[in-house]
Each structure stands twice: as C-alpha cells, then as structure tokens.
Amino acid sequence: MLSAEWADSALSTLNSSLQVADRLANIELSLIRQINALATPLSTNLGIGEPNLEPDETFREMARHAATTPWHYSANAGTPNLRRLIGEALAPQADPKNEVCVTAGTQEGLYAIFQAYVNPGDEVLVPNPGFLSYATLARMCGATTIPYELDPPSWRLDPSRLRVTKKTKLIIVNSPSNPLGSIVDRAALEQIANLGPLVVSDEVYREIWYDEPPPSIAGMSANAIVVGGMSKSHGMTGLRLGWIIGRAEVMKPIVTAHQYIATCASVFSQALTEAIFEEGEWNASWLERVRAQFRTQREAALRAIEHELHAAIEPPVGAFYAFTPVPSCDTVSFAKSLATDAAVLVIPGVAFGTAGEGFVRISYAAPIDRIGTGIERIGRYLVATNR
Ligand SMILES: Cc1ncc(COP(=O)(O)O)c(C=O)c1O
C-alpha cells in the first residue's frame, strides 16, 4: 500500500510539474476563440477568418493526384521544386535553395522567425489594430511589443509613427491587413524595409485585392522577410502550407527553428501547391474568380453596413474584413451580447489591440444571404437596445 507521505510528495511533484511555463503564463484563448465558442446552430457567423471557397473539379483532381505522391519527409525547407516555384512566382531575385523555406502555414513561419531572432527584452513593433498573433509571439519570447497606431478611416500606415530604438529586433507589417482590409503603399513599405531592423511582412492576403495588387516587400532591402501561404487565396486553411522568403544569411537560423518545430510541411500539401503553381493558367483564373467572389460579398457587406448600421466605412481594398464602428465603448461585451441575444458572431475590435476599441470586425467571407441576415440582425439589436 502507498504511504500517505509518498502520496503527498507525488501530488506535490505533479502540482509543480503542472505549473505552466513562464512563456505561456497569461496567454489565454484568443478573444476570437472565445466569441466563436458562443456559436449555436442558429448563429450567423461573421467572425470567421476563413475564406468560403469551394474547390472546382480541376482543383480536386490536383488534390487526388497529390495524394498519390510518396509520403516520406521532404527536405526541411521544402521540396526543391516547390521552393523554385514559390521563388519564381513571388521573389524572382531569391535563390530558392537558400532563400525560400516552406512551412506548415504562415503561422508556423511567424513562430519560426520569432524563435530564431527574438530574445527577452527585445522590442517588436506591431500594428495596432493588428493580427493578434504578433503580440502573442513576442510575449512568448519575453519581448516587449511596441504598437504603432493606424488611424481610421483609411488606416494608412505612416512610417514616421514607428519608434525604432536600439532594442528593436523586428518590425511587423501586414498588408493587406487583418482586421482592417487596408494595404501598405509601396513608398511606406520601402521606407520601413530600410529603417534598419529586420522587417517581417505578412502577405498571407496578398492575392485578395479589389483595385490593384498590393506591393510586396520582397527584394526591397536585405532586411526584408516575406511570409505568406495558401490558406486565404486557395481556401487551404486546414492543409497548412506557407512559406518564408529572405536573404540566405537571415534564413539560416529560421530554417533551423522550423526544423525543430515542424520537420517539414505536409508533403501532400507541398505536392498540391506545386501542381497549383505549375497550372499557371488555371491558377490565374482561380485567383480572378476568388477576387470576383469576394468583391461581390464586399459590396453586399458595405450596402448592409450602410443601410442597417448607418455606418459609412472606406471600402476595404484587400482581404475580406470590414472593420466597422459601433456605438459601444466596450466592444467585448457588445460582441458577446450580439452572440447570445442576436445570434450573430463578429469579433470585438479590441481583440486586435487597444486602437480597435469602438469597432467590430465583420468578416464577409460568407454567402451573400448570410452577410445580409447577420448585419440586419446587428441593426435590429442596435434598435432594440436604443443605440
Ligand atoms: C494576418 C494573418 N497572418 C497569418 C495568418 C495565419 O495563416 P495560416 O493559415 O497560413 O497559418 C492569418 C490567419 O488568419 C492572418 O489573418
């Protein structure tokens, strides 16, 4: 039989080994997850960050064929052919062997970069409002995030607002932006690329634009690192395929980190992505259709926002989000009440930083009727609550 003393000591060892690591302390499920947890079968979900894209027969055939390729590990940085294709398409100046790394999604790419470069005490400049991951990844490395503010209604990035110090290790830019739908113009991007520190440009929404293609930071300076992937442009969110492009010397520690995080990206997803890039004509027409679909959904969202919410916003020029002002100074409670009382999910703006308070992110990656119903429900809720 176990002695009480032994049991006590075992319990205390267990309790101390359950003590979460410092790097994860105070990091909770994101507000996005918390709101999504309030969904019921009757909810209209305008909170999602996933494109509503249906693969066509050619796309499905490419996937069937990709599934017949060998299932062994690839090189850590990805198959040579896929690295070549990514380089050709996105950064012709890059040497695919040493300057392109295929990752398990953009998120893994970001994680590998932070692991490779960010130390406790470093400063990381992040957009506010901006994608939540940047600040969280910085905190996990013990770094301090220094937000740079973007202002409504255009959310234009003014490089003079970036406070670069001796401690600045990384600058993060995201264009087109989640949650703003704005684009960083070429002059601003060039200026930021040459400020001194490494600049990570998250270009995962690069193919989703409405007026003109957004500029890429690729090739703008020796300090520029591009991250991107197939999630948003091809609806491949669950297939986890992304990439990092940067100068060879910069990439070396990133590839080492990536090796210990993921070993390599899924070889099925790599084979499928190779096929997509190789079918250039099909891919160009797919991307045209994707943009046309989101353009139609964007118009529906803007119309409903104007008519039902009486809010006028500058039309988003990229991605599939409308960052919309609402008459509430506590948008977390507002979004939670909308979820429970009006059965519509949107993300409180403050989930993207302090500058997002007073706004909600409405995703129009949803069928037109759902966009209409959801925004109409928000409008009725505002009337019912006298706002
Ligand atoms: C700005 C931004 N970066 C990165 C990601 C992660 O994308 P992936 O699915 O390629 O990891 C997302 C997903 O929502 C995003 O919005």
Side-chain angles (χ1 to χ4, degrees), residues 29-33 35-36 45-53 78 82 86 90 101-115 124-138 145 147 150 155 157 170-184 199-209 214 216-217 225-245 254 258 261-262 265-266 269-270 272-273 276 290 294 316-323 345-347 349 351-353 356 361-366:
L29 270 188
S30 76
L31 267 172
I32 300 185
R33 290 286 178 90
I35 298 290
N36 280 330
N45 194 343
L46 302 181
I48 32 176
E50 290 207 68
N52 59 325
L53 300 171
L82 182 54
I86 291 170
L90 304 171
C101 176
V102 182
T103 58
T106 312
Q107 183 65 40
E108 195 252 318
L110 289 166
Y111 189 74
I113 295 168
F114 274 77
Q115 287 299 305
V124 179
L125 272 48
V126 301
N128 179 18
F131 183 51
L132 178 75
S133 268
Y134 311 136
T136 308
L137 290 173
T145 55
L150 305 164
W155 306 107
L157 196 167
L170 290 182
I171 300 173
I172 314 289
V173 291
N174 173 215
S175 171
S177 154
N178 171 14
L180 305 171
S182 56
I183 281 175
V184 180
V199 182
V200 178
S201 179
D202 181 346
E203 302 182 2
V204 74
Y205 293 96
R206 175 143 185 252
E207 296 292 357
I208 302 172
W209 49 267
S216 169
I217 206 167
I225 305 173
V226 174
V227 293
M230 299 297 278
S231 286
K232 314 294 176 175
S233 56
H234 291 76
M236 285 169 52
T237 48
L239 296 185
R240 314 308 305 131
L241 197 295
W243 50 76
I244 311 170
I245 307 169
I254 297 174
H258 159 75
I261 301 165
S266 146
S269 304
Q270 293 194 63
L272 175 57
T273 306
I276 291 170
V290 166
F294 285 128
V317 287
F320 38 68
Y321 306 108
F323 208 57
L345 305 185
V346 296
I347 307 301
F352 305 97
R361 188 193 76 177
I362 296 176
S363 162
Y364 50 87

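Side chains are part of it too, since the values below use all heavy atoms of this structure and drop only hydrogens, waters and symmetry mates. Not measured: the values here are computed from a predicted model. Order of listing sets the numbers, starting from 1, for every ligand and every atom in it.
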Under 3.5 Å: donor-acceptor pair, side chain of Asn178, backbone of Leu180: no
Shortest protein heavy-atom distance from atom 7 (O) of ligand 1, along with the residue and atom involved: Thr106 CB, 3.7 Å
Residue portion contacting ligand 1 (non-hydrogen atoms closer than 4.0 Å) for Asn178: side chain
Lys232 and ligand 1 - part of the residue with a heavy-atom distance under 4.0 Å: side chain
Nearest non-hydrogen partners of Ile35 and Val346, listed with the distance: CG2-O, 3.4 Å
Heavy-atom nearest neighbour in the protein, as seen from atom 12 (C) of ligand 1, with distance rounded to 0.1 Å: Phe131 CZ, 3.4 Å
Residue portion contacting ligand 1 (non-hydrogen atoms closer than 4.0 Å) for Arg240: side chain
Side chain, backbone, both or neither: Tyr134 near ligand 1, heavy atoms under 4.0 Å: side chain
Under 4.0 Å to a heavy atom of Ser231 - the qualifying atoms of ligand 1, by number: 8 (P), 9 (O), 10 (O)
Any Gln107 side-chain heavy atom under 4.5 Å of Arg240 side chain: yes
Interatomic distance, Glu50 atom CD to Asn45 atom CG [nearest 0.5 angstrom]: 10.0 Å
Test item: Phe114 and Val124 side chains (from C-beta on) under 4.5 Å apart, heavy atoms: yes
Ring-ring centroid check Tyr205 Tyr321, cutoff 6.0 Å: yes
Contact (N/O only, under 3.5 Å) between Asn174 and ligand 1: no
Gly229 touching ligand 1 at heavy-atom level, < 4.0 angstrom: no
Chi angles and distances behind the side chain to side chain contact (heavy atoms under 4.5 Å, CB included) call for Val226, Ser216: CA-CA 8 Å; Val226 174; Ser216 169; 4.1 Å; yes
Any donor-acceptor N/O pair, Ser269 side chain to Leu239 backbone, under 3.5 Å: yes
Atoms of ligand 1 close to Gly105 [distance to a heavy atom under 4.0 angstrom, numbered from 1]: 10 (O), 11 (O)
Distance (rounded to the nearest 0.5 Å) between Ile86 CD1 and Ile244 CD1: 10.5 Å
Ligand 1 to Gln107 polar contact by distance, N or O atoms, under 3.5 Å: yes
Protein heavy-atom partner closest to atom 1 (C) of ligand 1 - residue, atom, separation in Å: Asp202 OD2, 3.3 Å
Nitrogen or oxygen of Tyr321 less than 3.5 angstrom from that of ligand 1: no
Any N/O pair Tyr205/ligand 1 closer than 3.5 Å: yes
